[in-house]
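Here the structure is laid out as structure tokens; the discussion comes afterwards.
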Amino acid sequence: MTTGSAVNIAGLHGRTIIQSDPDYDEARSTFFGGVDRHPKLIARVADASDVSRVISYARENGFELAVRSGGHSPVGHCVSDGGIVLDLKDMKAIDIDVEGRTAWAQTGLTAAEYSAAAGVHGLGTGFGDTGSVGIGGLTVGGGIGYLVRKHGLTIDDLLAAEVVTADGEILKVDAKAHPDLFWAIRGGGGNFGVATRFRLRLHPVDPLVGGMLMLPATADVIHSFIALSEKAPEELSGIVNVMPAPPMPFVPAEHHGRIVIFALMAYAGAVDEGQRVLAPFRSLAEPLADMIQPMPYREIYPPDDPSYHPIGSTRTMFVDAIDRDSCEAIMERVTARAPAFGVAQLRVLGGAMARVAADATAFAHRDRRFMVNVAALYEPADAAAGKSWVTGLAAALRRGDDAPYVNFLAEDGPARIRDAYPGRTWDRLVGIKRKYDPTNLFRLNQNIAP
């Protein structure tokens, strides 16, 4: 174990990384660029007892504590400046019960790693849309991905968890053991402890019909695409990005930079039926690229580029409609986009997600029809213009209460965090926070203060 003179966590089974170590800069980096924080120490924990030791050390010595699963926090909550990073990266054990269709998985696993292990058996759990996201942070925030309409949110498949609380106690939580904490970690984020293992339900998922479909975009095509998605069987989930066409080899050169629908689709059902359901989408316009095909579910996550660290601004919200005016606004503003790159992402919800009662978990937006994310990527010098572009398009797309999805919140402020937990949900979460983390040790997150 490597330690600094001021920090020595006794009994740690994992390793610690300090500034003089050759892998320090890599260990403190995050998926998103623009985050340049220097923790005092990064603790690569090996097990739940290590997690307990690190939590106790940070609490007793007054260190700020950051918790890192995959490092995808949009605002860098996964790394502390001058504090301690509790890094779950090395905790990747997974125990799959094929017959019982469940898995106990440590939370250092990424969505792609978990899906690859479960996919050996033709099974899977719905996570998000990016393979390199850690399942720890993704799950406790809800989990909206390629199986959301068929099987619900990730938390709808969460059967139990191992959680280390602010006092260092290791708890197994489920519907019967510490049910208040189990309720809170299903949507309430990392406010209540460090989840070290999840017991997750698995579904038969192979093969599915999925992949990328790129169409030239017009307001009519966008509107029709969303209407088809709403009418489709719940086996179909998709992510519709309206954006400038990237200069990829499979995109005809004359279309580079033109506004397109870059849709990522997944039909979790019979292959023949999936092809039938997806045919009308292909007919909306002449596809510029069509990579939809039968595939193992685990291949829905494309390989990640480790050198990609985007800098940008985002606004997330649930909306009650994506109407023709919305589609016109998207085309107008994405065409006259932010200084570098602007995108409007649209997701049709419903299905299994909507059949769970709003108060069954801390995720309380079960009845929302759509989720919209507006994002701009830019160079640091263009930040003001990029943020203004995001704010303007988001305002134009607002339909009804624009409550956010907590996993996609950035530097939105306390009011938006409050909006993520409407009605009695907030009060209930505050009470549970007071019980399990009264000093707010776990505050580097979209914070619910005790």
Side-chain angles (χ1 to χ4, degrees), residues 31-33 74 128-130 144-146 210-226 228-229 237-266 281-282 284-292 300-302 304-305 308-317 319 322 324-348 370-379 382-383 385-397 405 408 410:
F31 173 80
F32 291 100
D129 56 21
T130 305
I144 300 176
Y146 294 111
M212 187 272 290
L213 178 66
M214 184 184 295
L215 305 175
T218 65
D220 282 339
V221 173
I222 299 168
H223 194 243
S224 297
F225 204 106
I226 296 301
L228 283 174
S229 299
S237 296
I239 302 170
V240 180
N241 299 288
V242 183
M243 55 187 271
M248 293 180 170
F250 54 80
V251 180
E254 63 270 23
H255 290 284
H256 290 178
R258 294 186 180 180
I259 308 306
V260 298
I261 290 175
F262 190 106
L264 303 166
M265 311 294 283
F281 293 89
R282 293 170 158 133
L284 291 173
E286 182 68 28
L288 303 177
D290 183 354
M291 298 182 178
I292 293 176
I300 201 72
Y301 298 116
D304 287 297
D305 179 358
Y308 181 61
H309 298 286
I311 297 173
S313 178
T314 185
R315 176 84 172 187
T316 177
M317 58 186 176
V319 299
I322 298 175
R324 177 55 191 257
D325 287 346
S326 301
C327 300
E328 292 281 6
I330 291 170
M331 283 301 301
E332 175 185 349
R333 292 170 185 262
V334 175
T335 300
R337 57 190 177 271
F341 182 89
V343 57
Q345 184 185 91
L346 316 172
R347 306 192 194 204
V348 173
F370 307 97
M371 185 169 74
V372 171
N373 299 299
V374 180
L377 306 181
Y378 43 70
E379 295 299 322
D382 296 323
K387 291 177 181 178
S388 176
W389 183 90
V390 167
T391 301
L393 180 51
L397 298 181
Y405 173 42
F408 287 172

> Name the one of Thr316, Thr314, Asn241 that satisfies side chain to side chain donor-acceptor pair (under 3.5 Å) with Asn373?
Replying inline: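 The single option meeting the side chain to side chain donor-acceptor pair (under 3.5 Å) with Asn373 is Thr316.
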State the [atom1]-[atom2] distance between [X] and [Y], to the nearest 0.5 angstrom.
X	Y	atom1	atom2	answer
Phe281	Ile261	CZ	CD1	10.0 Å
Ser237	Arg347	OG	CZ	10.0 Å
Met371	Ile322	CE	CD1	10.5 Å
Ile259	Thr218	CD1	OG1	12.0 Å
Met212	Ile300	CE	CD1	11.5 Å
Leu393	Ser326	CG	OG	9.5 Å

Tell me the closest heavy-atom pair linking [X] and [Y], and the distance in Å.
X	Y	answer
Leu397	Val319	O-CG1, 3.7 Å
Leu288	Leu215	CD1-C, 4.4 Å
Ile144	Tyr405	N-OH, 3.4 Å
Pro244	Val334	CD-CG1, 4.2 Å
Val221	Pro216	CG1-O, 3.9 Å
Met317	Ala394	CE-O, 3.0 Å

Is there side-chain contact between [X] and [Y], with heavy atoms separated by less than 4.5 Å?
X	Y	answer
Phe31	Pro310	yes
Ile222	Leu346	yes
Ser313	Tyr378	yes
Tyr146	Leu264	yes
Pro246	Met214	yes
Val260	His255	no
Tyr301	Thr130	no
Val251	His256	yes

>> Is it the case that the side chain of Trp389 and the backbone of Arg333 share a donor-acceptor pair, with hydrogens and angles ignored and the cut-off at 3.5 Å?
In response: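 Such a contact is found between Trp389 side chain and Arg333 backbone.
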> So, Arg282 side chain and Asp290 main chain: donor-acceptor pair closer than 3.5 Å or not?
Replying inline: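 Judged by distance alone, no pair lies under 3.5 Å.
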>> Can you pull out every salt bridge (charged side-chain N to carboxylate O under 4.0 Å, His left out) where at least one residue sits in residues 217-226? Sequence neighbours excluded, please.
In response: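 Matches after skipping sequence neighbours: Asp220-Arg324.
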